[in-house]
2 protein chains.
Amino acid sequence: MKILDCTLRDGGYYTNWDFKPALVETYFRAMQQLPIEYLEIGYRSRELANYLGQYFYCPEYVLENARRLTDKKLAVILNQKDFPVSDVKEVLVPVKDYLDLVRVAVNPDNFDEALILATELKSHGFKVAFNVMYMSSWSENGAFIKELPRTAGLVDYFYMVDSFGGVFPGDIKQTIKMVRNETDVALGFHGHNNLELGLINTLTAIEEGVEIVDATITGMGRGAGNLKTELLLTALNAKHELDVNFNALTSVVEAFEQLQSQHGWGTNLPYMVSGANSLPQKDVMEWVTRRFYSFNSIIRALQNRKKGSQDN
Amino acid sequence: MKILDCTLRDGGYYTNWDFKPALVETYFRAMQQLPIEYLEIGYRSRELANYLGQYFYCPEYVLENARRLTDKKLAVILNQKDFPVSDVKEVLVPVKDYLDLVRVAVNPDNFDEALILATELKSHGFKVAFNVMYMSSWSENGAFIKELPRTAGLVDYFYMVDSFGGVFPGDIKQTIKMVRNETDVALGFHGHNNLELGLINTLTAIEEGVEIVDATITGMGRGAGNLKTELLLTALNAKHELDVNFNALTSVVEAFEQLQSQHGWGTNLPYMVSGANSLPQKDVMEWVTRRFYSFNSIIRALQNRKKGSQDN
């Protein structure tokens, strides 16, 4: 079982993908001493019209700096819908030597296009992961599941992503069974923490044979955030005797807790309601972080959406 | 299935059992509109040498005020080890009309004495719950389990308390089986949130037939705190169509979140380590809240204890 820490990538939703150099250094130095296989440090993208920080583009000097600070495997992620196949050559191939894994965030509706992108990535020799979103809707909206055999030779890790943070341990078991009926690709799990189920869902996934799982320091990540790396490591240390350097772990947790006191990621009542009812958390994050709307009005809006989606 | 909210009682560990009247009023008015059966508002005790607040003693005017603000069932709790049987008459009987439930916190080592106290409580007509501590140690240290048939007619609810916050869903199932072998007393569960397992443990307990479960608003409670009432209600609303007034819920959550920003309850790395290794959280709470020791030195101390307890 492998752990991928994606603090800088997923945490970037709160800092617009910029982090102070001292924090980045603390992060890499700690990770170097922890039982973590991959560090996903950001997105990789062409220049965009809006300003987005260093870890959204991951230019070569950012990758070089990461490589200088750690010899852990490095990963970046792409949004399939924003990443034309033709960009592989221009945007990824020039930095290929830095990248041990390229992850692709995939909407199940675009599974065919994602396979075309994976084909191009493989032709250049990249290791590829698919992070397929909205797993709580796959049982109703899972036409792509029948296409899973086509990942053979193209996709190294097939991640199930609990996008809404509303998945329960029983759902994990069912989804894995559904996927396993079609493919023996190595599985991954990316959990969110809206209902504080990040740990139990991830441990359940590991028990069910998932080979790679994601976490972030202090749970820093979009919306309610992720499984906390420190919680996963502490549980695996106590239950499975995973060797953990708690000095290193403490140093990086304390550094990110300072940032958390500014940005306030983590779950709260609006995220709980959106998670429990499988509603998208993008809007909730905007409403919550702007601090313009009361929780009450956010929850009323969510209750209306829930009603709307039930009526449709 | 019934919910007992013990925010004022368990939250008192952070405020020394005093709460501003406006907060108390917000609390009772919200609870009145939520699907919660019991409100445990504090301890009941003789006067002690140290100063402790209103909700540690629950004098008659506190109980009267609660009764004025809500017609929910009211509960108080006693520490068996500090509560002589002879005090039942002097401390509890005079306020009997206010109390729908008297809970007794019981160390498994004192189970015999607790039964004597229950006998006295029953002779005065009280409804009685036992909150038996340290459930994660019952499989090694559970001599009292064989005595459970003696609770018949004396104990209305037998609570399993996850004192260290280190219990997993599988442990809940095993413990319930162990208890059910001896007695058909109605069961309760009181979970802590060190490992963010409060929700899943409580839902597992409910699935396994537990009849009453505890929670507190924002998880306010000793150490890492409890299952959050708002999380339990949101999950039960989404999964089991429990009717929840989210306006009322939001009002009380927002009020306690202000207090949380002062006191900072909730889990963190030291509580995770103590929970995962079944170490007492009393010391951890002192170390953490005094902010005198670094997390690093707290965790070193905990690792030494863990080593010590393994060596013994």
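Heavy atoms only: backbone and side chains are in, while hydrogens, waters and symmetry mates are out. Per chain, numbering begins at 1; letters A, B, ... match sequence-line order.
For His190(B) and Asp162(B), the side-chain atoms include no donor-acceptor pair closer than 3.5 Å. Ser278(A) and Ser136(A) share a side-chain donor-acceptor pair at under 3.5 Å. For the residue pair Glu230(B) and Asn268(A), no side-chain donor N or O sits within less than 3.5 Å of a side-chain acceptor on the partner.
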Run the side chain to side chain donor-acceptor pair (under 3.5 Å) check on Tyr27(B) and Asp5(B) step by step: do they pass? CA-CA 11 Å; Tyr27(B) 172 76; Asp5(B) 186 282; 2.5 Å; yes

Kindly indicate, with the supporting measurements, whether the criterion salt bridge (Lys or Arg N to Asp or Glu O under 4.0 Å) is fulfilled by Lys177(A) and Glu208(A). CA-CA 9 Å; Lys177(A) 201 179 272 180; Glu208(A) 298 290 315; over 6 Å; no

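Neither the backbone nor the side chain of Pro270(A) has a heavy atom closer than 4.5 Å to any heavy atom of chain B. With a threshold of 4.5 angstrom between heavy atoms, Val253(A) approaches chain B through side-chain atoms but not through N, CA, C or O. For chain A, the nearby part of Asn194(B) is the backbone; its heavy atoms alone come within less than 4.5 Å. The contact between Glu254(B) and chain A is made entirely by side chain atoms (from C-beta outward), counting heavy-atom distances below 4.5 Å. Contact annotation for Leu203(B): only side-chain heavy atoms (C-beta onward) come within less than 4.5 Å of a heavy atom of chain A. Contacts between Leu231(B) and chain A at a heavy-atom distance below 4.5 Å involve backbone atoms as well as side-chain atoms.
When ring centroids are compared, Tyr134(B) and Phe164(B) come within the 6.0 Å threshold.
Per-residue counts of heavy-atom pairs under 4.5 Å with chain A were compared for Leu197(B), Ile299(B), Thr218(B), Leu195(B); the largest is that of Leu195(B).
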